[in-house]
Amino acid sequence: MPVYLGLDSSTQSLTASLIRAGDEAREAIAEYALPFDRTFPQFATTNGVIRGEAPGVVAAPPLLWVSALDRMMADLVAKWPAEMAELAAVSGSAQQHGSVYLNARGLSLLSSLTAAEPLAAQLGDSFSRSRSPVWMDSSTTLECREIEHAVGGSDVLARRTGSRAFERFTGPQIRAFAKRDPQGYRDTARIHLVSSFMAALLAGADAPIEYGDGSGMNLMDVSTRTWWPDAVDATAAGLAAKLPAIQPSWMAAGTLAAYWQQRYGLPAARVIPWSGDNPCSLIGSGLVREGRLAISLGTSDTVCGMMRSLRLHDGGIGYVSASPTGDYMGTTTFMNGSLARERVRDMYGLDWTLFSAALASTPAGNRGALMLPWFDPEITPHVSAPGVRRVRLDPSDVAGNVRAIVEAQMMAMANHTRWMSPGTSVIHATGGASGNRAVLQVMANVFNADVVRSRTGNSAALGAALRAFHADRLAAGSAMSWEEVIEGFVEPQPDWHFRPEPDAVRIYEDLREKYASAETDALESPSATT
Ligand code: XUL
């Protein structure tokens, strides 16, 4: 039975999910991760990124991702030689919105990589921008307004591209680069997403951007799934020629380049376009039908739901993408996810066991104490000047602060995602913090929904492997429905099912209103405390 590989190039690590799948059986072979800071200290990243001097600037060196991909293939072949020899197709998932800027040399090198030297040694002079902006960058508010104005307003942009302009989206980031470094922009021959760049390295060719991740750019018409010329022109001069083609998520982008075949003895496996981590996670969580939500508790906390038809949010809080299943999906992203939880853990000298004990020792509703956890600028709601606020919460109350951050994150997610899937009764939780039972119980109570947990540690990498399986069958002329593709891989863990507790649900109905008012008050008055 063929083997499929899904790779997830996230903010803080590169993770592989290796599966065996066919008509007879389904088997998860392995999950394997390379954390960036620890594995590649030469790039001097902290939590996978480098913060700039100017406020809101957050980036990562693209050579880090190149090095990680090379090391990952070497490690996978060393650890699972028999399985990797049977590799039929590979796909991937990447942190969304981040962009990679190749000069003419880099673009042509993609198709002439030599197996004699590591990838990073060959691609050193290939970038017209040595640091890639990532989704955590919030420095482009001005460019967002300029693009919206040029296309006729934020509503027009949202109707065509699926979202109003967001600071982290690729279009505003490209515009900022073209303004801040006009020569660097002129030297750019190709602008890739992290996802399409990684696929290009695997295929040894200029890979396409696929529908799902292409939706996070403010450049693609989400209905026709083609570049929208008005947005492209509004973003930067000459941009159309620098963008790759857009392609369906399931159409192979080639086969593994000679580099991978010769250097690691890999077969000519199909390379399927990479997508964003949230679209891949939706598939890896088994959400190929409407009516359920997926919540990923990772570097960012995100809430995603699948939609059969395009449904926009009037207030422009979330955004709508084409999903790699051919449907639509809604996403709402919260910047203050795992790094904010870690800040509270570290601030009070706790580890995760003590953090969980503190959470379990405090009552639902925290006796009315609230925290607005904006350690970093927040995406939802939009907060550009960060600062934590406490309402009736004593900063020295350790357990109270632990409960406050978890409740705040859950209430913000519940309040800001009603538009996506009203009346959701089941939530699929995934990501690092979904391993914490006390956190999932708060989620069930705040959302008044059952919460189940995926069996896999990384639903984005698994989703990418399942996308490789789906596309391989399609290319071989034996297409499968998405239900058939995911069967046997995405069933939740039986002993991880959290039901809402009626008393707590009642408390949160009231507290969610108070939280929403505290948010409004905080957004209206700029002073904050940390
Ligand atoms: C989604 C977003 C984040 C990144 C994290 O819009 O910005 O979830 O994809 O990897």
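We're numbering straight along the sequence, starting at 1.
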Side chains of [X] and [Y] only: does a donor on one sit below 3.5 Å from an acceptor on the other?
X: E167; Y: T140; answer: no
X: T302; Y: N278; answer: yes
X: S481; Y: E484; answer: yes
X: R512; Y: N415; answer: yes
X: R403; Y: T362; answer: yes
X: Q493; Y: R455; answer: no
X: E31; Y: T456; answer: yes
X: S459; Y: S281; answer: yes

Please check if the side chain of [X] supplies one atom and the backbone of [Y] the other of a donor-acceptor pair under 3.5 Å.
X: E148; Y: A165; value: yes
X: T520; Y: A516; value: yes
X: S132; Y: S99; value: yes
X: Q247; Y: M251; value: yes
X: R292; Y: T424; value: no
X: Q409; Y: N336; value: yes
X: S454; Y: T430; value: no

Distance to the ring centre below 6.0 angstrom and angle to the axis at most 45 degrees; does that hold for [X] and [Y]?
X: R225; Y: Y328; result: yes
X: R345; Y: F355; result: no
X: R437; Y: W496; result: yes

Would you say the side chain of M220 lies within less than 4.5 Å of the side chain of S215, judging by non-hydrogen atoms?
yes
Residue pair D397 / Y348, side-chain heavy-atom distance below 4.5 Å
no
With R160, the side-chain hydrogen bond (donor to acceptor under 3.5 Å, both in side chains) member among D221, N218, D155:
D221
Taking all non-hydrogen atoms of both residues, which atom of [X] and which atom of [Y] are closest, and how far apart?
X: N445; Y: R499; answer: OD1-O, 4.1 Å
X: P273; Y: E210; answer: CB-CB, 3.9 Å
X: L462; Y: F489; answer: CD2-O, 3.7 Å
X: S93; Y: A464; answer: N-CB, 4.0 Å
X: A438; Y: L359; answer: CB-CD2, 3.6 Å
X: T325; Y: W250; answer: C-CZ3, 4.1 Å

Tell me, with the steps shown, if F375 and V344 meet side-chain contact (heavy atoms from CB on, under 4.5 Å).
CA-CA 10 Å; F375 290 92; V344 170; 3.8 Å; yes
Hey, is CZ on R311 packed in by over 12 heavy atoms from elsewhere, all under 6.0 Å?
yes
Would you say R145 has more than 12 foreign heavy atoms packed within less than 6.0 Å of its CZ?
yes
According to ring pair (Phe, Tyr, Trp, His ring centres under 6.0 Å), does anything in residues 132-173 pair up with another residue at least two apart or in another chain? List the pairs.
H97-F169, F166-F169, F169-Y319
